[in-house]
Amino acid sequence: PAPPPRRQRPTIGLLHRANDWKLLVDFYHDQYVFPPEIHPTTLRPDIVIWSPSLNMVIFIELTCPMEENCEARRQEKIARYIALIAEIEDGRKWKVVMHTIEVGARGQVHRKPAVSCFRSLGFSNRVISKIIKNLSLLSARCSLAMYMARNKPLGVLANNCASLSD
């Protein structure tokens, strides 16, 4: 007899542990203030997700360097926030989880940190693959837009990249 079909186990991650998550994203045109209830600071990770009921904070840092510089930029991002993480955790109230995502300027995604980030949040392997593919395509398209607009005013470039994410 044929073996029974394998069942997909539900993906469980950090985001499944509570239902009171809050999210802040640091956009160039709309910068946020780091949540003072966690810790007063002028630093702003690209994405901050926190749950008051779990007393957990998730930092996600996105970097888009040249492919050959991905690991060096990753280490720089970690070093930038290591003191803040220590200060937050010294208060013994909040637990911090830090992730970095590096997407090269030509579209190559630094897979191991990206997969680790999305898996810890609770995304399935299929969804993670789609996210990584979309990140790769978006980075390559923005690089192309920057190249095509290299002799035009900066505002043209911003509009071109914004339209590429659709």
Side-chain angles (χ1 to χ4, degrees), residues 11-18 20-52 54-146 157-158 161-162 164-165:
T11 306
I12 304 296
L14 296 173
L15 298 180
H16 294 95
R17 294 174 52 191
D20 64 339
W21 293 100
K22 298 178 182 183
L23 170 76
L24 289 173
V25 179
D26 189 30
F27 291 109
Y28 176 75
H29 62 280
D30 187 18
Q31 298 175 345
Y32 70 86
V33 174
F34 191 86
E37 67 266 24
I38 297 170
H39 189 77
T41 182
T42 57
L43 292 175
R44 291 185 319 268
D46 293 328
I47 300 172
V48 177
I49 308 169
W50 75 101
S51 166
L54 293 177
N55 291 330
M56 180 176 287
V57 185
I58 303 168
F59 292 172
I60 302 176
E61 269 296 310
L62 174 64
T63 309
C64 298
M66 293 299 293
E67 276 74 2
E68 54 271 14
N69 296 326
C70 278
E71 185 56 34
R73 298 296 88 78
R74 179 180 189 285
Q75 294 304 321
E76 288 172 6
K77 291 285 188 165
I78 292 169
R80 177 182 298 165
Y81 293 100
I82 199 82
L84 175 61
I85 292 169
E87 290 171 13
I88 292 171
E89 291 186 337
D90 274 351
R92 302 199 195 298
K93 180 177 179 186
W94 294 90
K95 164 89 173 102
V96 181
V97 176
M98 167 112 187
H99 289 289
T100 64
I101 299 173
E102 295 78 33
V103 182
R106 295 182 297 263
Q108 182 181 1
V109 176
H110 198 192
R111 283 191 71 80
K112 190 173 181 180
V115 168
S116 172
C117 173
F118 298 127
R119 188 168 287 145
S120 80
L121 294 175
F123 291 98
S124 68
N125 288 338
R126 184 173 24 170
V127 171
I128 292 171
S129 292
K130 282 179 111 172
I131 292 170
I132 288 175
K133 181 180 178 182
N134 287 336
L135 286 172
S136 178
L137 288 172
L138 185 59
S139 177
R141 288 176 178 166
C142 281
S143 290
L144 176 62
M146 287 188 280
L157 175 62
C161 280
L164 292 174
S165 63

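All values reported here derive from a predicted model rather than from experimental measurement. Below, all heavy atoms of this structure are taken into account, side chains as well, without hydrogens, waters or symmetry copies.
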Go through it in stages, so that I can follow the logic: the residues are His39 and Trp94, the test is side-chain contact (heavy atoms from CB on, under 4.5 Å), and I'd like the CA-CA distance, side-chain angles, deciding distance and then a yes or no. CA-CA 9 Å; His39 189 77; Trp94 294 90; over 6 Å; no

Mind running salt bridge (Lys or Arg N to Asp or Glu O under 4.0 Å) on Glu102 and Lys112 for me, showing each step along the way? CA-CA 10 Å; Glu102 295 78 33; Lys112 190 173 181 180; over 6 Å; no

Give the intermediate values and the outcome of side-chain contact (heavy atoms from CB on, under 4.5 Å) for residues Leu121 and Ile60. CA-CA 11 Å; Leu121 294 175; Ile60 302 176; 4.0 Å; yes

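In this structure, Arg73 CZ and Thr63 OG1 are separated by 8.5 Å, a value rounded to the nearest 0.5 Å. Here the CG atom belonging to Leu62 is positioned 11.0 Å from the CG atom belonging to Asp26, to the nearest 0.5 angstrom. Here CD of Glu37 is found 10.5 Å from CG of Asn55. Values are rounded to the nearest 0.5 Å. Distance check, rounded to the nearest 0.5 Å: CE of Met56 to CD1 of Ile58 gives 6.5 Å. Taken to the nearest 0.5 Å, the CD atom of Glu76 stands 11.5 Å off from the CD atom of Glu61. One distance of note links CD of Gln108 with CD of Glu68; it measures 9.5 Å at 0.5 Å rounding.
When all heavy atoms of Trp50 and Leu23 are compared, the pair lying nearest together is CZ3-N, 4.2 Å. When every heavy atom of His99 is checked against every heavy atom of Cys117, the shortest pair comes out as ND1-CA, 3.4 Å. Closest approach of Arg80 and Leu43 over heavy atoms only: O-CD1, 3.9 Å. Shortest non-hydrogen contact noted between Tyr32 and Pro45 is OH-O, 2.5 Å.
Within the 4.5 Å cutoff, side-chain heavy atoms of Met66 are placed close to those of Arg106. A heavy-atom distance below 4.5 Å is found between the side chains of Arg119 and Asn125.
Using a distance-only test at 3.5 Å, with no hydrogens or angles considered, no donor-acceptor pair links the side chain of Thr100 to the main chain of Arg74. A distance-only check finds no donor-acceptor pair linking the side chain of Ser51 to the backbone of Asp20 [under 3.5 Å]. One N or O on the side chain of Glu89 and one on the backbone of Val96 form a donor-acceptor pair closer than 3.5 Å. Ser136 contributes no side-chain N or O that, together with a main-chain N or O of Ile132, makes up a donor-acceptor pair within less than 3.5 Å. Of the possible donor and acceptor atoms, one in the side chain of Ser143 sits under 3.5 Å from a partner among the backbone N and O of Ser139. For Trp21 (side chain) and Leu15 (main-chain N/O), a donor-acceptor pair under 3.5 Å exists by modelled atom type.
Checked options Asp46, Val48, Ile47; the residue passing with Phe59 is Val48 (criterion: side chain to side chain contact (heavy atoms under 4.5 Å, CB included)).
Other residues, nucleotides and ligands contribute only 12 or fewer heavy atoms inside 6.0 Å of the CZ atom of Arg111.
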